[in-house]
Structures are given as C-alpha cells and as structure tokens.
Amino acid sequence: TPQHLLYCRHHLVLRLFDWALALGYRSENRQRLREQIDSMETGRRPITQQTARLAEMYCRYGVPADFTGEPADRRDVEHG
C-alpha cells in the first residue's frame, strides 16, 4: 500500500531520491525520481508488485551495505 511504502522509507531513514535509487528507478532528473516515489507514496501512481516486494525486503532487512545513497540524517540505516 502507499502507506506501507512511506513507512518503509521512514523506517530506513531515506530521502525520496535515495529511496528511488534503492528501488531501482533511474533518471538524469533527480526531481523526476522524487516525484515518482512521492506519487506512489500518496496513491497517485500504482505500486508494481516488484517495487512492493523489494520495498518490503528492504524494510525487513535494510538496504545493502554497498548502496550508494545516504540516510537523510547520516545514521547507519541498519541501526536506525
């Protein structure tokens, strides 16, 4: 659900842009990526089954250690 996608991002302490990258979205336009995720979190855009499953995996187990995005408050996401 949109609410669960938002919950997972907050749980992981990720910004919209970093969450988009973690979920596999790519674009040269950072604002476009933020808008895509925001649209899913607010229910204006459907969440694919693949995105939902990946988000759930991250929510349960954290993002990979080699993920290049940074948590919004610079805390280690595995301990946040």
Side-chain angles (χ1 to χ4, degrees):
T1 66
Q3 297 83 8
H4 189 66
L5 191 66
L6 177 65
Y7 167 80
C8 290
R9 180 171 64 85
H10 287 175
H11 175 74
L12 294 165
V13 195
L14 292 173
R15 296 173 290 209
L16 284 167
F17 176 74
D18 295 323
W19 191 218
L21 293 180
L23 293 173
Y25 291 88
R26 298 292 182 266
S27 174
E28 294 294 320
N29 186 327
R30 292 172 68 99
Q31 183 59 30
R32 174 80 174 121
L33 289 176
R34 288 190 290 264
E35 290 170 0
Q36 284 180 307
I37 298 300
D38 182 67
S39 292
M40 286 186 266
E41 290 180 348
T42 56
R44 294 188 315 267
R45 179 183 179 129
I47 301 168
T48 67
Q49 183 177 1
Q50 179 182 358
T51 297
R53 290 178 59 97
L54 188 56
E56 182 59 29
M57 184 199 64
Y58 287 149
C59 197
R60 289 182 187 189
Y61 305 108
V63 293
D66 63 351
F67 176 65
T68 57
E70 292 181 350
D73 66 355
R74 312 240 187 253
R75 289 186 299 162
D76 179 356
V77 293
E78 292 181 15
H79 299 99

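A search for side chain to side chain donor-acceptor pair (under 3.5 Å) contacts involving E56 returns H4, R60, not counting sequence neighbours. For the side-chain contact (heavy atoms from CB on, under 4.5 Å) test, residues two or more places apart in sequence or in another chain that qualify with L6 are R9, H10, E41.
In the hydrophobic clustering of ILVMFWY residues, with side-chain heavy atoms under 4.5 Å counting as a link, Y7 and Y61 come out apart. Hydrophobic clustering of Ile, Leu, Val, Met, Phe, Trp and Tyr side chains at less than 4.5 Å, counting indirect connections, unites L23 with M57.
Taking all atoms of both residues into account, the shortest heavy-atom contact from R34 to F17 is CG-N, 3.7 Å. Between Y58 and A22, the shortest heavy-atom contact is OH-O, 2.9 Å. In plain terms, the two heavy atoms of A55 and L5 that are nearest each other are CB-CD1, 3.6 Å.
Using a 4.5 Å heavy-atom threshold, the side chains of M40 and Y25 count as touching. The shortest distance between side-chain heavy atoms of D18 and V63 does not fall below 4.5 Å.
L54 contributes atom CG, which lies 12.5 Å from atom CD of Q49 (distance to the nearest 0.5 angstrom). Taking CZ from R45 and CG from D38, the interatomic distance works out to 11.5 Å, rounded to the nearest 0.5 Å.
Within a 6.0 Å radius of CD in Q31, other residues, nucleotides and ligands contribute more than 12 heavy atoms. Atom CZ of R26 is surrounded by more than 12 heavy atoms from other residues, nucleotides or ligands within 6.0 Å.
Without hydrogens or angle criteria, T51 side chain to I47 main chain gives no donor-acceptor distance under 3.5 Å.
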